[in-house]
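Let me begin by presenting the structure, written as structure tokens, before commenting on it.
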Amino acid sequence: LLPDSSIENKSYNGNRLVYVKNPHLDLMDEDILYHLDLGTKTHNLPAMFGDIKFVCVGGSPNRMKAFAQFMHKELGLEGDSKDMKDICAGTDRYCMYKVGPVLSISHGMGVPSISIMLHELIKLLHHAKCCDVTIIRIGTSGGLGIEPGSVVITDIAVNSFFKPQFEQVILDNVVIRSTELDQDLADELLECSRHIKNFPTLVGHTMCTYDFYEGQGRLDGALCSFSNEKKLEYLKRAHNAGVRNIEMESTVFAAMCRLCGLKAAVVCVTLLDRLEGDQITASHEVLAEYQQRPQQLIAMLIKKRLGLW
Ligand code: R2B
Ligand code: URA
């Protein structure tokens, strides 16, 4: 196992531009962001995206469209948000909406899906010469020992071994990257949450896994080779290590944003308490309301930053 070189692992948050750390990019005449259906020759990226200050990412295309429409209303912008155009309409891999300085993008499920999106998004922000960008993942998760519907602001993203690191396979090497998130941003989000009374918000570690079923200790997948006792022993150990929720993207999100100079946060609502069960039994109405909770918190942060609240 090779640790990241100190240069690659260094955060550049002091300087507020978005960094790409790839010498080959400078030699390319054109950069096609294939999965976003955008490119440096086909689109004027600085004109389209240069004013972006907040990027919100989440798994589901519908939820990220709803978030964009919600932000349109919250920012008091003109026009009908129903007509909002998907910037990535030329591809059905991801969707993207721009609302003033806010970009809302879907990332699909799991580490490989979000990682492809982030490579292209970070290059997009770099080509567009964006600066002072804050990026937040708003998502769903399984809770550990907390009331379903609680919102968890991640202090540290950890892997299945409760370690704050992401292992990227590069050629046939394993490179370990830090998953540290922006502490000040997490504190600012917690402060915002104190003004929202209708749901509990807490700070805790978030465990990121490569699977929803066996990888999260579920007994209800197509495959399962462990007992209920073993499952609970593992989940309780995770809880004792400070883990309060489990999802599938936070480690690679934290690692990539950190290396590219983006201040990043992860805010996920919990759909169930994994110490109580595996199946998600809440009604569609309840789940829909839960999924608006991270959006409310992020809207408050954005409005506060823009002096609108
Ligand atoms: C949370 O929810 C999804 C799985 O249901 C996954 O993308 C995640 O991180
Ligand atoms: N998303 C996850 O990854 N796990 C859960 O238990 C719920 C949502």
Side-chain angles (χ1 to χ4, degrees), residues 35 56-67 93-95 104-118 121 135-154 156-160 162 166 179 181 199 202 204-224 226 228 231-232 234-236 238-239 243-257 264-284 286-295 298:
H35 302 87
C56 296
V57 306
S60 132
N62 281 334
R63 182 154 41 81
M64 296 322 287
K65 181 174 187 182
F67 175 70
R93 296 297 184 182
Y94 306 106
C95 73
S104 177
I105 311 163
S106 69
H107 59 59
M109 285 190 285
V111 164
S113 181
I114 194 174
S115 143
I116 294 167
M117 189 282 279
L118 286 174
L121 168 68
I135 182 165
I136 303 174
R137 161 166 148 72
I138 50 177
T140 58
S141 62
L144 277 188
I146 57 178
E147 192 191 327
S150 303
V151 170
V152 179
I153 301 167
T154 305
I156 306 175
V158 299
N159 64 15
S160 300
F162 322 137
F166 173 69
T179 54
L181 289 157
F199 55 83
L202 58 130
H205 300 357
T206 296
M207 181 162 80
C208 176
T209 69
Y210 290 108
D211 170 51
F212 184 83
Y213 288 99
E214 291 174 288
Q216 293 187 6
R218 277 188 158 80
L219 301 171
D220 61 343
L223 299 170
C224 184
F226 48 84
N228 188 40
K231 160 194 156 175
L232 287 175
Y234 175 66
L235 292 182
K236 283 177 185 160
H239 187 267
V243 174
R244 292 296 173 271
N245 65 339
I246 310 173
E247 47 77 92
M248 298 179 59
E249 295 86 13
S250 57
T251 51
V252 72
F253 171 79
M256 289 183 71
C257 293
V266 177
V267 177
C268 292
V269 70
T270 61
L271 304 183
L272 77 170
D273 181 357
R274 289 300 318 290
L275 298 179
E276 302 291 331
D278 294 335
Q279 298 245 310
I280 297 168
T281 53
S283 68
H284 277 289
V286 168
L287 293 175
E289 193 275 315
Y290 282 178
Q291 291 182 43
Q292 285 171 3
R293 295 177 175 190
Q295 301 185 18
I298 272 50

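Any value given below was found using the heavy atoms of this structure, including those in side chains, with hydrogens, waters and symmetry copies removed. Both ligands and their constituent atoms are indexed starting at 1 by order of listing.
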Got a donor-acceptor contact below 3.5 angstrom from the Ser160 side chain to the Thr209 backbone?
no

Is there side-chain contact between Leu219 and Phe226, with heavy atoms separated by less than 4.5 Å?
yes

Could you check if a side-chain atom of Arg244 sits within less than 4.5 angstrom of a side-chain atom of His239, using non-hydrogen atoms only?
yes

For the student: nearest non-hydrogen atoms of Gln279 and Leu272, plus distance:
O-CD1, 3.4 Å

Pick one of side chain, backbone, both or neither for how Ile246 approaches ligand 2, counting any non-hydrogen atom pair under 4.0 Å.
backbone

Residue pair Val111 / Cys208, side-chain heavy-atom distance below 4.5 Å:
yes

Leu272 neighbourhood, listing ligand 2 atoms whose heavy-atom distance to it stays under 4.0 Å:
6 (O)

Applying a 4.0 Å heavy-atom criterion (strictly less than), which segment of Arg218 is in contact with ligand 2: side chain, backbone, both, or neither?
side chain

Taken to the nearest 0.5 Å, the spacing of Met207 CE from Leu235 CG works out to 6.5 Å

Do Asn159 side-chain atoms and Phe166 backbone N/O form a donor-acceptor pair below 3.5 Å?
no

Nearest non-hydrogen contact to atom 4 (N) of ligand 2 from the set Gln279, Gln216, Met109, Met207 belongs to Gln216

Roughly how far, to the nearest 0.5 Å, is the CG atom of Asp273 from the CG atom of Asn245?
11.5 Å

Within-cut-off N or O pair, Arg274 and ligand 2, under 3.5 Å:
no

Residue shell around ligand 1, heavy atom under 4.0 angstrom
Met109, Arg137, Thr140, Phe212, Glu247, Met248, Glu249

Do Tyr290 and Pro148 have side-chain heavy atoms sitting under 4.5 Å apart?
yes

Nearest non-hydrogen protein atom to atom 5 (C) of ligand 2, with distance, is Gly142 N, 3.3 Å

